[in-house]
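Everything on this sheet refers to the single structure shown next.
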There are 2 protein chains.
Amino acid sequence: MKNAISRPSERRPVERVRSARATERRASILDRASEIFGQKGYGRTTLDDIAGAVGVKREAIYYYFDHKLDILCEIITPESKRLVEDLAAIMRRHDVSPRDRLAMAVRNHMSGFNPDFLQLAVVLRELDGQDDDGRVSEIRRLWRAYQESWIDLVREGQQAGCFAGHLDPRLTAFSILGMCNAPSTWFQPSGERSMEELVETLVTVTLNGVAP
Amino acid sequence: MKNAISRPSERRPVERVRSARATERRASILDRASEIFGQKGYGRTTLDDIAGAVGVKREAIYYYFDHKLDILCEIITPESKRLVEDLAAIMRRHDVSPRDRLAMAVRNHMSGFNPDFLQLAVVLRELDGQDDDGRVSEIRRLWRAYQESWIDLVREGQQAGCFAGHLDPRLTAFSILGMCNAPSTWFQPSGERSMEELVETLVTVTLNGVAP
DNA sequence: GAACATTTTTACACGGACGTAAAATCTGGA
DNA sequence: TCCAGATTTTACGTCCGTGTAAAAATGTTC
């Protein structure tokens, strides 16, 4: 019954949802899961954690999702697409200087950060090596495209003479992304410093960091 | 021998190791474990992985270590101490400018990076909430001290007028550390760019990043 | 080479987490 | 109110990973 006939996760998803209440519940599952994945990571989050936060027994989750991984993918995929598309839009803004585009890219990246801290790069890493069943590989593809855009952003800035030319674009882009992703491991929006301050710090350090 | 008298993990560890061969094997376990923890993280590494890499059955590991966690602690604790002490030594170098000290701090941080990519911050996060049994909390204490030193480093540089004064020292220090830790998720020493290039990129971006 | 200590393996107990199936409960409409 | 479908729960089954205990194998010393 699981993956009976063909490819992995081939079978049609559970599309039994009818009532408005059920739609809400489904959304609630995604919301809670998003929070908890963000806090503990995918691997260390159990369906019991999610079910508990939603207020049902673990098995009730299976009425809405066939697999734990499906929940993750349904959260991450749209988020990833938005990130990629927004960055692509920024890249097309030839009226804006590379420097300003870089600032926009950082802000865009961080905009997906709040409120649930779900960091693609971190979660993606967790899935390495195993669950290559289409959904995951699409996310991976999106994330790769995103990284490539970042590298292009750095390279173009260098060619325009706005950024330090002696830095390797890939190392530089990945360093910036790494810095922007790291807050998922330590930043508390309830802490002394606000999200806005964090973003401004990241923008400042990034812009200064790549200056010629 | 380890923390013999007190808290959890009360029973005395296996101190049966006598022969030179056994000492080598023990070291080999630590080496392999270090590599694999670095690649897959602590939680996703099984004793079978380690045993396989060493070339014995999983259970043989228990002759040398009582718990999986003991292996991690024995790897991480000395590494952590070194990091903390080295940074403290850098902080005492009042003959060196804050700017140069920051560069030294980055290089010191990255020196513990090769060859096994065991990133304290990342692994520590994995242990959150659960295994507070003395050994882990000591490591956490060391890591906190390390972070505090970093914050001091930034603050002193600001007070000396060498770094941008409007940045929050904690956000800044954590951003830099995050950037320096991130390579554990993507850097391949066998890739096109060398460790030296990576470190120089990080130093450059950091020093520029905090410039006034 | 025989007794003894050291090291490794075999065999097993246990718990945690995912996933399935069917029974039970709830809800809205006729 | 009663029924049919929607939703949740109860009850299992299974796999995987840690850890224990005792037997087997290996090495060492006299």
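All values below come from the heavy atoms of this structure, side chains included, with hydrogens, waters and symmetry mates left out. Numbers restart at 1 for each chain; the letters A, B, ... are given by sequence-line order, proteins then strands.
For A:D48 and D:dT8, the CG to P distance is 16 Å, given to the nearest whole Å. In this structure, B:Y62 atom OH and C:dT6 atom P are separated by 22 Å, rounded to whole Å. Per the geometry, CG belonging to B:D66 stands 7 Å off P belonging to D:dT20, to the nearest Å. Atom CG of A:L72 and atom C1' of C:dC18 are 15 Å apart (whole Å). Atom NZ of A:K57 and atom P of C:dC18 are 16 Å apart (whole Å). Rounded to an integer number of Å, the gap from A:H67 NE2 to C:dC18 C1' is 10 Å. If you measure from atom CD1 of B:I61 to atom P of D:dG17, you get 15 Å, rounded to the nearest angstrom. Computed from coordinates, the B:L47 CG to C:dT9 C1' distance equals 16 Å when rounded to whole Å.
Nearer the 5' end of DNA chain C, as judged by each residue's closest nucleotide, is the contact made by B:R21, out of A:T45 and B:R21.
Side-chain contact, A:D49 with A:T46: a donor N or O sits under 3.5 Å from an acceptor N or O.
If you check distances only, the side chain of B:E59 never reaches the base of D:dA21 with a donor-acceptor pair under 3.5 Å.
Of the residues listed (A:T172, A:L207, A:V210), the one engaging A:F163 in a side-chain contact (heavy atoms from CB on, under 4.5 Å) is A:V210, and it is the only one. Only one option out of B:E196, B:E197, B:M195 pairs with B:V199 in a side-chain contact (heavy atoms from CB on, under 4.5 Å); it is B:M195.
The A:S19 side chain lies nearest to D:dT7 when the options are D:dT8, C:dT9, D:dT7.
Contact annotation: B:K68 side-chain N/O to D:dT18 OP1/OP2 distance is under 4.0 Å. In terms of phosphate contacts, B:Y63 brings no side-chain nitrogen or oxygen within less than 4.0 Å of OP1 or OP2 of C:dT8.
Relative orientation of the A:Y42 and A:F37 rings is tilted, given thresholds of 30° and 60° on the angle between their planes.
Crowding of B:R82 atom CZ: a count of heavy atoms from other residues, nucleotides or ligands under 6.0 Å exceeding 12.
Looking at heavy-atom distances under 4.0 Å, A:R58 makes contact with a base.
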